[in-house]
Amino acid sequence: MSPKSALKAKSEPVPPETPSRPLALLQWYDRHRRRLPWRAPPGEASDPYRVWLSEIMLQQTTVKAVGPYFEKFVSRWPDVTALGRASQEDVLRMWAGLGYYSRARNLHACAVAVTREHGGTFPDTEVRLRALPGVGPYTAAAIAAIAFDRRTMPVDGNIERVVSRLFAVEEELPQAKPLIQELAATLLADSRAGDSAQALMDLGASICTPKKPACSLCPLNEGCTARALGTQDTFPRKAAKKSGALRRGAAFVVTRGDELLVRTRPEKGLLGGMTEVPGSDWLAGQDDAKAKRQAPELKGLSRWQRKVGVVTHVFTHFPLELVVYTARVEARTRAPASMRWVPIATLADEALPNVMRKVIAHGLDPSSPSC
DNA sequence: AACACGTGGGG
DNA sequence: TCCCCAAGTGT
């Protein structure tokens, strides 16, 4: 379709040569859309399973990081019922490294629910999608729009940014969410709701970026209030968030031949359900001596060796410093209650969060000295 | 309504 | 280096 005919089609409230914002957006999208593994080719229907899976993975996570995980998941579990049949443990193993592990637990719970309560078919309304584990207001709207072409506008961080600039929303996030939601809905075309949403997200990801937005390339630049004011960099407004205090702890890397002592973290909370080496609590202001007292008790343990240096890791809400102690025990030494031995060679298959991969790498590194 | 919840990359 | 950010949800 030529731009001209599109202009003619709907141009009521605006000057004849200016397409409406929803249409301008769609025209831009048809030329510049990103090709992503979970997106259907133009004109084709998208698979709700792939849309859902990608939306969960993309929560607070970059497209680049998601790519390989998405491929691994769809190749191992091609549809919801397959995923519903998997064990939560297998799902956590495949998710290890992506972060926010409650997403993986909810992903599995959701697959089970869709299989058992919806006959293996995703519900196609926002309300019923919203009732699924791990599916909040954003994801429900995104699936409804993208997979089922429901006329609704999901609002994510990209869209918040684009909309807050377009209308120069002075109110701070997250208080401004309802207003932004309302304004975002005005960018919905009469049809192709999913493309409207994805267009806005692509725009936010590639043009209307957090820093130095490329306004000259933006299909909405003419009507953008922030740009007119030259203040686009200052939106969205939000209060600075406080960072958590440094926490310290100790981690214990115990080997028995070519095996490593590990345990599983509690279901809920930080790194819930993931594998770890035994360790102390992680507390602000904790000293090394106190942390070391929480070492596991093992028969046939010669002595603890403290590795030089510390392992540092930054979580969303606090930074962490871990001192690493190593020890070897004799063959056939029993693992303490609720712990187990795993071959070091198969560690890659464990549900190990990255902080634990760092700890183990440091503890096992023969070139790094002990004190 | 705040706060918990991972990780890696960019400026 | 440090700080912010990335397709948010659950409590």
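Naming convention: chains lettered A, B, ... in sequence-line order (proteins, then strands); numbering from 1 in each chain. Here the structure is a predicted model, which is why all the values come from computation and not from measurement.
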Is there a salt bridge (charged side-chain N to carboxylate O under 4.0 Å, His left out) between A/D288 and A/R248 once you walk through the steps? CA-CA 8 Å; A/D288 291 353; A/R248 293 178 207 277; 5.9 Å; no
Kindly say whether A/R105 contributes a backbone atom to a donor-acceptor pair with the side chain of A/Q88 at under 3.5 angstrom? no
Base, sugar-phosphate alone, or nothing: which one does A/L36 contact when heavy atoms must sit under 4.0 Å apart? base
So A/G97, base contact, sugar-phosphate only, or nothing? Heavy-atom distance under 4.0 Å. sugar-phosphate
Report yes or no: does A/R227 contribute a side-chain atom to a donor-acceptor pair with the main-chain N or O of A/R165 at less than 3.5 Å? no
Between side-chain atoms of residues 193-207 of chain A and protein atoms elsewhere (two or more places apart, or another chain), which donor-acceptor pairs fall under 3.5 Å?
from   : atom 1 : to     : atom 2 : distance (Å)
A/D195 : OD2    : A/R192 : NE     : 3.0
A/D195 : OD2    : A/R192 : NH2    : 2.9
A/S196 : OG     : A/A189 : N      : 3.2
A/S196 : OG     : A/R192 : O      : 3.3
A/Q198 : OE1    : A/R39  : NH1    : 3.4
A/Q198 : NE2    : A/G194 : O      : 3.3
A/D202 : OD1    : A/R34  : NE     : 3.0
A/D202 : OD1    : A/R34  : NH2    : 2.8
A/D202 : OD1    : A/R39  : NH1    : 3.3
A/D202 : OD1    : A/R39  : NH2    : 3.3
A/D202 : OD2    : A/R34  : N      : 3.0
A/D202 : OD2    : A/R39  : NH2    : 2.6
A/S206 : OG     : A/D202 : O      : 2.6

Would you confirm whether A/K72, through its side chain, and A/M94, through its main-chain N or O, come within 3.5 Å as a donor-acceptor pair? yes
Could you list, one pair per line, each protein nitrogen or oxygen that sits under 3.5 Å from a nitrogen or oxygen of nucleotides 1-4 of chain B, together with the distance?
from  : atom 1 : to     : atom 2 : distance (Å)
B/dC3 : OP2    : A/K242 : NZ     : 3.0

Should A/E171 and A/R237 count as an ion pair when the cut-off is N to O under 4.0 Å? no
For A/K290, all residues meeting side-chain hydrogen bond (donor to acceptor under 3.5 Å, both in side chains), sequence neighbours excluded: none
Residues 342-364 of chain A vs salt bridge (charged side-chain N to carboxylate O under 4.0 Å, His left out), sequence neighbours excluded, gives A/R340-A/E350
Residue list, side-chain hydrogen bond (donor to acceptor under 3.5 Å, both in side chains) with A/E172, at least two apart or on another chain: none
Could you tell me whether the side chain of A/T225 and the main chain of A/L166 form a donor-acceptor pair under 3.5 Å? yes
Report which part of the nucleic acid A/W95 touches: base, sugar-phosphate, or nothing (heavy-atom distance under 4.0 Å, all strands). nothing
Within the structure shown, what part of the strands sits under 4.0 Å from A/R357 by heavy-atom distance: base, sugar-phosphate, or nothing? nothing
Taking for A/K211 and for A/L271 the nucleotide of DNA chain B with the nearest heavy atom, the one nearer the 5' end belongs to A/L271
How close or far is atom P of B/dG8 from atom CG of A/L58, stated in whole angstroms? 17 Å
Going by number, which of residues 40-56 of chain A have a non-hydrogen atom under 4.0 Å from DNA chain B? none
Rounded to whole Å, CZ of A/R161 lies from P of C/dG8 at a distance of 10 Å
The side-chain hydrogen bond (donor to acceptor under 3.5 Å, both in side chains) partners of A/R161 (sequence neighbours excluded) come to A/N158
Considering only heavy atoms, which members of residues 138-157 of chain A lie under 4.0 Å from some atom of DNA chain C? A/Y138, A/T139, A/D156, A/G157
Distance-only check: which donor-acceptor pairs under 3.5 Å involve side-chain atoms of residues 126-141 of chain A, not counting sequence neighbours?
from   : atom 1 : to     : atom 2 : distance (Å)
A/E126 : OE1    : A/T152 : OG1    : 3.0
A/R130 : NH1    : A/V135 : O      : 3.3
A/Y138 : OH     : A/E55  : OE1    : 2.8
A/T139 : OG1    : A/Q59  : NE2    : 3.0

With no hydrogens and no angle check, is any side-chain donor or acceptor of A/N221 less than 3.5 Å from a backbone partner on A/C215? yes
Any side-chain N or O of A/H313 less than 4.0 Å from the OP1 or OP2 oxygen of B/dT7? yes
Quote, to the nearest angstrom, the P distance that separates C/dT9 from B/dG8. 23 Å
Report the nucleotide, chosen from C/dC5, B/dG6, C/dT11, that has the shortest atom-to-atom distance to any side-chain atom of A/K268. C/dT11
Take the protein atom CG of A/L132 and the nucleotide atom C1' of C/dT9, then report the distance between them rounded to whole Å. 13 Å
Nucleic acid contacts - residues 98-114 of chain A versus DNA chain B, non-hydrogen atoms under 4.0 Å: A/L98, A/G99, A/Y100, A/Y101
Main chain of A/T333, side chain of A/W341: is a donor-acceptor contact present, judged purely on distance under 3.5 Å? yes
Is there a donor-acceptor pair closer than 3.5 Å between any side-chain N or O of A/S280 and the backbone N or O of A/A250? yes
In whole Å, measure the gap between the P atoms of B/dC5 and C/dA6 for me. 22 Å
Over how many whole Å does the gap from A/N354 atom CG to B/dC5 atom P extend? 17 Å
Could you state the atom-to-atom distance from CG of A/L129 to C1' of C/dT9 in whole Å? 15 Å
Kindly confirm or rule out a cation-pi arrangement of A/R76 over A/F73, judged by NZ or CZ under 6.0 Å from the six-membered ring centre and within 45° of its axis? no
I'd like a table of donor-acceptor pairs (distance under 3.5 Å, sequence neighbours excluded) in which one partner is a side-chain atom from residues 359-371 of chain A, with atom names and distances.
from   : atom 1 : to     : atom 2 : distance (Å)
A/H362 : NE2    : A/V308 : O      : 3.2
A/D365 : OD1    : A/S367 : N      : 2.9
A/D365 : OD1    : A/S367 : OG     : 2.7
A/D365 : OD2    : A/S367 : OG     : 3.2
A/S368 : OG     : A/K307 : NZ     : 3.3

What parts of residues 59-76 of chain A reach DNA chain B, counting only heavy atoms under 4.0 Å away? A/Q60, A/T61
If you assign A/V135 and A/M201 each to the DNA chain C nucleotide with the nearest heavy atom, which residue ends up on the more 5' nucleotide? A/M201
